[in-house]
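In what follows, a structure is listed as structure tokens, so that the remarks can point back to it.
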Amino acid sequence: MLEIKGLTAGVEGKQILNGIDLVVPSGEVHAIMGPNGSGKSTLSYVLSGRDGYEVTGGSASFDGHDLLEMPPEARAAAGLFLAFQYPVELPGVNNANFLRAALNAQRRARGEEELDSVAFLKLARAATKKLSMANDLLRRNVNVGFSGGEKKRNEVLQMAILRPKLAILDETDSGLDIDALRIVSEGVNAQRGPDFSALVITHYQRLLDYIVPDKVHVLARGRIVRTGGPELARELEETGYASVLAEVA
Amino acid sequence: MSPSSTQEREALQSVTQSGYKWGFETDIEMEFAPQGLSEEIIRLISAKKGDPDWLLAWRLEAFAAWRKMEEPHWGLLHYPPIDYQALRYYAAPKRKPGPKSLDEVDPKLLETYAKLGIPLKEQAVLAGVAAETEAPAQIAVDAVFDSVSVATTFRQRLADAGVIFCSISEAIREHPDLVRRYLGSVVPAGDNYFAALNAAVFTDGSFVFVPRGVRCPMELSTYFRINARNTGQFERTLIVAEPGAQVSYLEGCTAPQRDENQLHAAVVELIAEEDASIKYSTVQNWYPGDAEGKGGVYNFVTKRGDCRGARAKISWTQVETGSAITWKYPSCLLRGEGSVGEFYSVAVTTNHQQADTGTKMIHIGANTTSTIVSKGISAGFSNNTYRGQVKVMPRAHNAHNHTQCDSLLIGDKCGAHTVPYIESRNATARLEHEATTSKIADDQLFYCRQRGLTEEDAVNLIVNGFCKEVLKELPMEFAVEAQKLLAVSLEGSVG
Amino acid sequence: MSTQPLQALAGKFADAYAARAADPARALAAERFRAEGLPTPRVEAWHYTPLAALADVALAAPARDPAVLAARIPDLGVPRLVFGNGRYRADLSTPPADLAVRTGAPAWGVLPEGLQHHLVALNTMFAEDGAEIVVPPGTDAGVLMLVHLATGGASHPRHAVRLGANARLTLVEIALGEGAAFHNPVITFAVGEGATVVHTVLQEESAEAIHLATVFAEVAKGATYDSFLLTLGGRLARREMHTRLAGPGAAAHLNAAQLLGGTQHADFTTDVVHASANATSRQTVKNVLAGHARGVFQGRILVERDAQKTDGYQMNQGLLLSPTAELDVKPGLEIYADDVKCSHGTAIGEIDPEQLFYLRSRGIPEGEARAMLVRAFIGEALDGIAFAPVRAAMEERIGIWWEAQQAS
């Protein structure tokens, strides 16, 4: 369970999150929607521990761990996964090696047995197939020369292999055509279960037709200003953010 | 799963080991020449080695040339003056002349090589028994301990293929005409200061001869080890590939951890005749000195390959992680029409190491091509310089060179330098050169850590990726070792 | 190659200096020169450019009054300062009305601390005249020409240009001459905060001349030194550009095109020191070589320890038009800061046969197609020249150069 209380944070002295309160119980998928500049990406970076984001107040815990005290890799080992809005290229680093190194580092940190190459490859191939991705994706260098859609699919593939307990999807739908959107959504839905929760950050309601959230939160000016069910997303699609913002202004 | 990911896994694991693991010393009974360098010492070395007269004359000629030369100082290297008279130019483990089998080799030596992880296990093979086929890695090894070669394996099998692989001392005894024909024909006795010194005092090294049309049936390898104190190591390697022959050769080097500096001035000569191909790989891991820059090997090496015939190919691959000072420019003389030269290099410097390394590609014949890929990684207080020359002579029509040299800086106390010399005297030549300098991007590190990798593992992964183009050129068995070395070398340099 | 004639010449220079009245301002340079002499190819920075030819010409007396060359100065419609064989010529000059310019004595300027330079020392020993140009803060001084006419002998003009904060100046430097002459100018630029200097050079010395110029630019915070060199003349020519980016936001553009034929030898050498964070340097250097010409480019970018966020780029392209031409290139990066973006690229070759074929297949005759491709190659370097009259003058001369190559 993810529990955020009164979280304030910013970059280079400029406060962006102005007191976030949010609880995502295990097994639930929550969507965070909001206009540009509302702090959506900042929230995902603060939760995953990126350097340069300064937490000035409040707390964030995940399954009892104080997230904010942990280095990024420990958060990952605890089960937090961030699907990047702009996945990073790693020249010369092959996708399969990268994933196996990551998976085994996490397993090691959790005191689990590491996977040998045969077992890993079996797992990775199965995940690749399930997501209708070409097998050569595993042999290619991480995100190097990938199209925007391929990068996003690669993020979902990584999620499928790493099996996090909490996935934060940061605008994973941006740059995806309708087929890719469906594949990516199926990838996320396949993870759903009592031990998996997700925070789906998006600008558009479209993604939420495929990944139906348990709750929808509206983020504006660094605060959650409204919370509702899936119908809230559709309402926003019709009326735009302006009405919500006007309400809270 | 590709084998390379297993290697990467192992490379990452080895980060947990620390320091220079190869720094032990072997307590062994040694025979030394007195300190200092003079005609007398050279005569003594020559007598010890049982040189033929022509070789003694050649040594003396080199010595005379050396005395008139000045130590070169154009490299971006800083070190106190070397006292050539304070060194010993000959050190050898005491033993009966010429071991006939590994049983005759001092067990302490074998222990040393076992610690270094060198597959000298093919003892039975050396002893002439048939167990050869069971050996897992088909690698023939020549091991050089201080000044002399102590053991060469797999000889019979190589001999059956017509390949000569032995110490150069033995080659001088057993194949004097061959050695005389080729020795000094690529790197003449008076070529440069360190090469002249080597010619005067070299005591051993490896010799490879692959006859016409023969493809050497296995990887050949030499391990060099400096053990004795205040000793210079001056080995000389000569590899000849007759027309159509092919050979792949690897050298590895280590030295004990010592406070004083050790001098290593080797010469390697490669000769590739028509359609022949020589691949020469180096994993150089001489002791680099401690974290304060104390001790370490001064590595001044002349390596040059001569593509004598049409379509000959010489490929140098080097992974340089060791030595306090590296001064080394493996080069290719591209004389044969359509001949090919390659240079793939990874040079890592940390702490107070200094490396000034690169290559020379001299295009003499028409349609010659060369490729240079250099990856320099600097960390700590180190300085890492790529220095390379591409020269196109007037008759080298349609010559082509592509050079890519990239530098990666880790930390803000180190330096990364690129000094190419590009000289074209033929209008039809096409020369391309690209160089970049960068650091590991914060977002790359964060991406890896978000997936669960520690910062150090992330750096290793990114560095390995940065070096991939070069590492893939290494023979498989050595790629693993090289990756481990990179990880160990960079340990503690982050943060 | 014997370096004896060169050392003998250096001895002659030293003796000539010793014969003159002692001048404390020049003593240190003379002492250094006496010790160091002239650089031989063993000196790394002079490896590609032997000065042996200097021994043939250096001390021959001028044949004619340089005034005879005044008609060849391109008319750019701007004020000009004209020097003849190293001396200011008021009769040939039209100094700017509203700008402080002092002539009549060497304008020493400020050299980098600890500088040891053979030719600068020689200049310091023998400089007789020069222009000191001072642009007050906030002033746009427009365009000014600085012309050197040579008819023989050795001249060592010493110029200094100083710009106050946010000032602006376009300096068009032109060197032309006849016969065997040795021209060894030193120019220093001090570019104040936020100021901009555009320094455009047209070098068309005579085919027997030796032109060895050394330029220093100290560029302050937010200031720009923007230079372009077109080398057409000289039997032996070299221009060294030493630029130090001393404050954040400082920028240097060191661009050049060398068009050479016959047995000409020209060397463009740059040294850019990024001494401050957030400074930018850009270099685009083109060599077009015909006949037995030899072109040289040497460029070093030095990034000092504190110069984080440096952005340095160097592009060097060579076009060899004849089988006997030679191009030697030695770019270099020396980097001590870790958060930098530095790169250099070199591409050397002949005219691309595919491009040539493409043009010919569209009906353009070969000669014209070649001219078009060479023009396009150089054009990129000329693009940065904002002052249209000088650009036009350069284009015209490039056209004449091309015709001459076709004829030879």
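Quick caveat, the model's predicted, so the values are computed rather than measured. Each chain gets a letter, A, B and so on, in the order its sequence line appears, and its residues count up from 1.
- B:Asn383 touches chain C through its side chain: at least one heavy atom from C-beta onward sits under 4.5 Å away, while N, CA, C and O do not.
- Contact record, C:Arg305 with B:Cys414: NH1-O, 2.8 Å, taken as the closest heavy-atom pair.
- Side-chain contact between C:Asp328 and B:Ile422 is absent, with no heavy-atom pair separated by less than 4.5 Å.
- Here the CG-CG distance, from C:Leu327 to B:Asn426, works out to 12.5 Å after rounding to the nearest 0.5 Å.
- In this structure, the portions of C:Glu334 lying under 4.5 Å from any heavy atom of chain B include both its backbone and its side chain.
- To the nearest 0.5 angstrom, C:His47 atom NE2 is 11.0 Å from B:Trp74 atom CH2.
- For chain C, the nearby part of B:Leu76 is the side chain; its heavy atoms alone come within less than 4.5 Å.
- Atom NE2 of B:His400 has more than 12 neighbouring heavy atoms from other residues, nucleotides or ligands inside a 6.0 Å radius.
- In this structure, CD1 in C:Ile335 is found 11.5 Å from CG in B:Asn384, a value given to the nearest 0.5 Å.
- Of the listed residues (C:Gly318, C:Cys342, C:Ala347), the greatest number of heavy-atom pairs within a distance under 4.5 Å of chain B belongs to C:Cys342.
- Here the CZ atom belonging to B:Arg425 is positioned 7.5 Å from the CZ atom belonging to C:Arg294, to the nearest 0.5 angstrom.
- Once rounded to the nearest 0.5 Å, the distance linking CD1 of C:Ile348 with CG of B:Asn401 reads 9.5 Å.
- Counting heavy-atom pairs under 4.5 Å between each of C:His344, C:Lys330, C:Gln314 and chain B puts C:His344 at the top.
- Summarising the geometry of B:Ala435 relative to C:Leu333, their closest heavy-atom pair is CB-CD1, 4.3 Å, with the distance given to 0.1 Å.
- The environment of NZ in B:Lys439 is crowded: more than 12 heavy-atom neighbours from other residues, nucleotides or ligands sit within 6.0 Å.
- Looking at C:Phe297, neither its backbone nor its side chain comes within 4.5 Å of chain B, counting heavy atoms on both sides.
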request  = In sequence, state the C-alpha distance, the side-chain angles, and the governing distance for C:Thr346 and B:Leu431, and then conclude on side-chain contact (heavy atoms from CB on, under 4.5 Å).
outcome  = CA-CA 7 Å; C:Thr346 296; B:Leu431 309 179; 5.8 Å; no
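- Within the 4.5 angstrom heavy-atom criterion, atoms from both the backbone and the side chain of C:Pro331 approach chain B.
- Contacts between B:Pro394 and chain C at a heavy-atom distance below 4.5 Å are absent for every atom of the residue.
- From C:Glu326, atom CD reaches atom OG of B:Ser424 across 8.0 Å, with rounding to the nearest 0.5 Å.
- The aromatic rings of C:Tyr336 and B:His417 sit tilted relative to each other, their planes meeting at an angle between 30° and 60°.
- Highest contact tally toward chain C, considering only B:Asp412, B:Val392, B:Val419, B:Leu409, is held by B:Asp412 [criterion: heavy-atom pairs under 4.5 Å].
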